[in-house]
Each structure stands twice: as structure tokens, then as C-alpha cells.
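A short write-up of the structure that comes next.
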Amino acid sequence: MTCESFPTEAELAAALGRRIIDAVRQRPRLVLGLPTGRTPLALYQELIRITGDERVDWSGVRTFNLDEFVHLGPGDRGSYRTFMEERFFKHLNIPPANIGFLDGRAPDLDAECERYERAVTAAGGIDLMMLGIGVNGHIGFNEPSESLVARTHRVTLDEPTRAANALWFDGDVQRVPREALTMGMGTILQAREIVLIASGEAKGEAVTALLRGGVTTRFPASFLQLHPRVQVMLDDLVAGQLP
Ligand code: F6R
């Protein structure tokens, strides 16, 4: 695992944005794994900005988002799909058919998880997986637990995770769904390359555990230590807290 820090979140987003744009140019059929949440917002804005300035063509790119709330799907306020449409997809020319997303309103959620696994495989796997990290060490919605599920599955969200997501539901934690669908740790670890982004004071402890702690299901992000190509990108608010 390599680790790089940047003075500000904006500088981190600029460096990673440039790297992703270069990858899209070099490999027009790139397969990207994408997170939602506060962390990637600056990156998405940067990618949209560079795309406008430099007329970047995303028409061959495929994307797979990490997770979605159960009972929410395309068009629903609060769904991760709507988050991504508003903040990223509608600003680029990725064909809708190339956008892979879990549908939390699918009638059979187990079948939906299986469909997603097949879709990732059919796309040839994920080339570059971007991740955020929860303060409890979750990635995607793989919450700390006695055991982890390898493949895409349905999960019950931890209460701190629901509280952190209240932001997307007008601050009302009661409206945050109790369950979600998420890529499993195995699905994530099969990506050829992984970049984990962490910014802001709240992430200091989690990143310390990620870099220095043992591999444990009680801290799912620790499994990234087993992957040969993981880069951790931090801003100084996080890096300044590392021992
Ligand atoms: C969301 C996801 C989560 C977030 C994590 C951090 O798609 O995969 O693991 O990356 O909860 O969220 P923020 O960025 O809001 O702190």
C-alpha cells in the first residue's frame, strides 16, 4: 500500500482527477469503480471541469458504483443513483448503458446482487476502483462484523453509518434506509488497482488503523493491505494525525 498526502482536498482532487483523465485517454474502454459520499465530491467536480476544458471523451468508459440503499433506485431522492446522476453522470457523455448500478428497488434483491456480479465480470472486471472510507472502517457498505461477505450482497447498516448519511436526507436520520446493497470485499479486491481517498479531520483514526492495524473483519478496510496495488491519497488534515 502506498500513501501520498496533499496540502488540501482540492490539490488531492486535482492530482487524482488528472490521473483518471489520463487513464481514460490511454484506455478509452476503462472500467471504473465509483463511490458516493462527501469524499469524492471534489474529485467529481474536477473531472467535470477538466472534461469541459479539454473535451474528454467518456463514451467508451464503463462504471460500477459500490452501493445503493434498499428501497431506493433511479429517480428517488436520496438514492445513490440520483446522487451520481446529479453530481457526475449528467455532466459527461458516458452512455447510460455503460453505467452499472445496483437497484435497491429490484423485486428480488438477491437476484439483483447476482446480476451485478455478472455485469462486473462481463465488463472484464474493474480496472480502477475508487474508494472512500467510513470512520468505522467500512468500505462500500461492508460494515465491521465477525465475518465479511465476499460478493455483492444485502447488508444492515450500522447506526453511525446511517447517521453519517443523514446529510443526504435533509439531516433526518429516520429517513435513511436501514439496509443497502453493496459490492463485497472480494468484488472490491478483484479490481486491478485501487485508490482510497480520505480527507478531513474525522478520518484520521480510520486511516491510522488502515495503514498500521492488523487485518481484521472488525475493520473491513484493513483487507486492502492484502491487495498488491492500493494507493491511499490523503489531505493534510488526515496525514497530520498519523503517528
Ligand atoms: C459510499 C461508500 C462509503 C463511503 C464512506 C465514506 O458509496 O462506499 O463506503 O465511501 O462511508 O463516506 P464519506 O465520503 O461521506 O465520508
Side-chain angles (χ1 to χ4, degrees), residues 16-17 19-37 39-41 43-132 139-141 150-155 168 177 180-184 186-195:
L16 182 54
R19 177 168 159 200
I20 293 169
I21 295 287
D22 288 348
V24 170
R25 287 209 171 105
Q26 275 165 20
R27 190 166 180 177
R29 298 181 65 78
L30 188 74
V31 183
L32 288 173
L34 300 174
T36 50
T39 308
L41 287 177
L43 172 67
Y44 293 154
Q45 279 169 13
E46 182 65 7
L47 289 171
I48 293 163
R49 187 193 65 73
I50 303 175
T51 298
D53 288 353
E54 302 179 16
R55 300 189 173 278
V56 182
D57 179 15
W58 293 76
S59 63
V61 173
R62 285 216 58 153
T63 65
F64 289 96
N65 265 79
L66 279 160
D67 38 24
E68 179 59 285
F69 294 110
V70 164
H71 299 316
L72 296 183
D76 287 330
R77 271 188 75 207
S79 75
Y80 278 168
R81 179 66 193 247
T82 298
F83 174 107
M84 289 300 296
E85 291 293 341
E86 292 299 317
R87 293 177 172 83
F88 193 53
F89 297 140
K90 80 173 184 191
H91 306 279
L92 311 167
N93 67 335
I94 304 176
N98 285 10
I99 296 174
F101 229 99
L102 284 155
D103 183 355
R105 283 190 319 203
D108 179 341
L109 292 173
D110 290 335
E112 174 62 4
C113 293
E114 284 167 24
R115 176 196 70 78
Y116 208 56
E117 284 290 324
R118 284 195 302 272
V120 171
T121 304
I126 293 170
D127 294 312
L128 179 59
M129 178 94 229
M130 250 80 68
L131 297 174
I139 53 177
F141 277 141
R151 296 294 152 204
T152 301
H153 61 288
R154 183 176 184 164
V155 284
W168 314 113
L181 305 179
T182 181
M183 277 186 198
T187 322
I188 293 169
L189 289 171
Q190 257 171 357
R192 291 180 191 88
E193 201 175 346
I194 298 174
V195 175

> Which residue, Leu34, Leu16, Ile48, forms the side chain to side chain contact (heavy atoms under 4.5 Å, CB included) with Leu43?
Replying inline: Leu16

>> Test of understanding: with ring pair (Phe, Tyr, Trp, His ring centres under 6.0 Å), list the residues that count as partners of Phe64, not counting sequence neighbours.
In response: Tyr116

>> For a quick test of reading the model, state the closest non-hydrogen atom pair linking Pro40 to Pro35 and the distance between them.
In response: CG-O, 3.6 Å

> To the nearest 0.5 Å, what is the distance between CZ (Arg49) and NE2 (His91)?
Replying inline: 14.5 Å

> Is the CZ atom of Arg151 crowded by more than 12 outside heavy atoms at less than 6.0 Å?
Replying inline: yes

> Looking at side-chain heavy atoms only, is the closest gap between Leu66 and Met129 below 4.5 Å?
Replying inline: yes

Table please: side-chain donor-acceptor pairs of residues 119-126 below 3.5 Å, with sequence neighbours left out.
{"residue": "Thr121", "atom": "OG1", "partner": "Glu117", "partner atom": "O", "Å": "3.0"}

> Is there side-chain contact between Leu102 and Thr182, with at least one heavy-atom pair below 4.5 Å?
Replying inline: no

>> Any carboxylate oxygen within less than 4.0 angstrom of a Lys/Arg side-chain nitrogen, looking at Asp103 and Arg115?
In response: no

>> So which atom in Asn65 and which in Phe89 form the shortest heavy-atom distance, rounded to 0.1 Å?
In response: OD1-CZ, 3.6 Å

>> Less than 4.5 Å apart, side chain to side chain, heavy atoms only: is that true for Ile99 and Met84?
In response: no

>> For Phe141 and Phe69, take the angle between the two ring planes, folded into 0 to 90°, and tell me which bin it lands in: parallel under 30, tilted 30 to 60, perpendicular over 60.
In response: tilted

> Any side-chain heavy-atom pair from Thr63 and Asn98 closer than 4.5 angstrom?
Replying inline: no

> Got a sec, which residues hit side-chain contact (heavy atoms from CB on, under 4.5 Å) with Glu54, two or more places apart in sequence or on another chain?
Replying inline: Arg18, Arg25, Ile50, Val56

